[in-house]
Amino acid sequence: MAESLGPRLYSCYNCGNHVSLHDDIISKSFQGRSGRAFLFSHAMNIRVGAKADRHLITGLHTVADIYCGDCGELLGWKYERAYEASQKYKEGKFILEKAKIAKENW
């Protein structure tokens, strides 16, 4: 009988802290500061920074940088507010940059 590994996770690439579940991915088609990024519905073991307005590819958003709760590595950002109606689905969601996370239990 095969051994169960548990849920597929994403961890901070720097320290291994679990930051999200694979099942919480909404989209893999996002762009981060360092390249490809994933949009997640939830994130865990993170620290949320100060809110700021930023002009992103899809328009003006209020975002807050998110950091690993253990080592403080910048991992991406949280969408706090979208100003365009077509972008409202992002509010409360998290961007984790692919280069900043590692797969675990795959």
Side-chain angles (χ1 to χ4, degrees):
M1 183 176 241
E3 226 179 281
S4 176
L5 295 175
R8 293 189 297 173
L9 301 165
Y10 287 96
S11 301
C12 171
Y13 84 102
N14 189 50
C15 73
N17 179 34
H18 298 158
V19 294
S20 197
L21 298 171
H22 174 73
D23 290 346
D24 290 336
I25 290 180
I26 296 170
S27 174
K28 294 182 177 181
S29 302
F30 278 73
Q31 188 69 25
R33 292 178 186 95
S34 61
R36 195 165 162 208
F38 303 156
L39 181 68
F40 287 84
S41 59
H42 300 93
M44 58 190 168
N45 302 320
I46 59 163
R47 184 175 51 81
V48 180
K51 295 177 188 177
D53 284 342
R54 289 196 195 135
H55 290 279
L56 303 175
I57 294 170
T58 55
L60 181 64
H61 296 79
T62 301
V63 298
D65 286 337
I66 56 173
Y67 303 88
C68 175
D70 282 352
C71 73
E73 181 71 31
L74 177 63
L75 300 175
W77 63 85
K78 179 180 181 182
Y79 285 102
E80 297 287 353
R81 182 175 179 201
Y83 292 90
E84 295 184 27
S86 66
Q87 301 300 309
K88 292 284 187 187
Y89 75 96
K90 296 177 184 175
E91 291 181 342
K93 309 295 189 304
F94 301 85
I95 288 289
L96 293 173
E97 298 195 39
K98 185 178 179 192
K100 303 291 185 118
I101 54 177
K103 295 176 180 179
E104 197 168 313
N105 289 340
W106 291 64

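Keep in mind that what you see is a predicted model, and the values were worked out from it rather than measured.
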Stepwise ring-ring contact (aromatic ring centres under 6.0 Å, His included) test for Trp77 and His61
CA-CA 11 Å; Trp77 63 85; His61 296 79; 9.1 Å; no
Separation between OH (Tyr67) and NZ (Lys100), nearest 0.5 Å, reads 10.0 Å
Give me the atom names and distance for the closest heavy-atom approach of Glu84 to Thr58.
OE2-O, 3.8 Å
For Val48 versus Ala64, what's the shortest heavy-atom pair and its separation?
CG1-CB, 3.6 Å
Starting at CG of Asn105, measure out to CG of Leu21 and round the result to the nearest 0.5 Å.
10.5 Å
If we only count heavy atoms from C-beta on, is the Trp106 to His22 side-chain gap below 4.5 Å?
yes
Please report the interatomic distance CG(Leu39) to OH(Tyr79), rounded to the nearest 0.5 Å.
7.0 Å
Leu56 vs Gln87 side-chain heavy atoms within contact, under 4.5 Å
no
Is it true that a side-chain atom of Asn45 and a backbone atom of His18 form a donor plus acceptor pair closer than 3.5 Å?
yes
Within 45° cone of Phe38 ring axis and under 6.0 Å: Lys28 NZ or CZ:
yes
Can you confirm whether Lys90 sits close enough to Phe30 that some side-chain heavy atom of one is under 4.5 Å from a side-chain heavy atom of the other?
yes
Given the rule that I, L, V, M, F, W and Y join up when any side-chain heavy atoms are under 4.5 Å apart, are Tyr89 and Val63 in one cluster?
yes
Roughly how far, to the nearest 0.5 Å, is CD of Glu97 from CD of Glu73?
10.0 Å
With side chain to side chain donor-acceptor pair (under 3.5 Å) as the test, pick out the partner of Asp65 among Lys78, Arg33, Arg47.
Arg33
Which heavy atom of Phe40 sits nearest a heavy atom of Ser20, and at what distance?
CD2-OG, 2.9 Å
So which heavy atom on Asn17 is nearest to which on Gly69, and how close?
ND2-N, 3.7 Å
Lys51 atom NZ: more than 12 heavy-atom contacts under 6.0 Å:
no
Say you draw a straight line from CD of Glu80 to CZ of Arg54; how long is it, rounded to the nearest 0.5 Å?
11.0 Å
Paired with Leu96, the side-chain contact (heavy atoms from CB on, under 4.5 Å) test is passed by just one of Ile25, Ile46, Val19, Asp24, namely Val19
Quick one: pull up OH in Tyr13 and SG in Cys71 and give me the separation to the nearest 0.5 Å.
8.0 Å
Are side-chain heavy atoms of Asp53 and Arg81 found at a separation under 4.5 Å?
no
Does Ile95 reach the side chain of Ile66, with side-chain heavy atoms less than 4.5 Å apart?
no
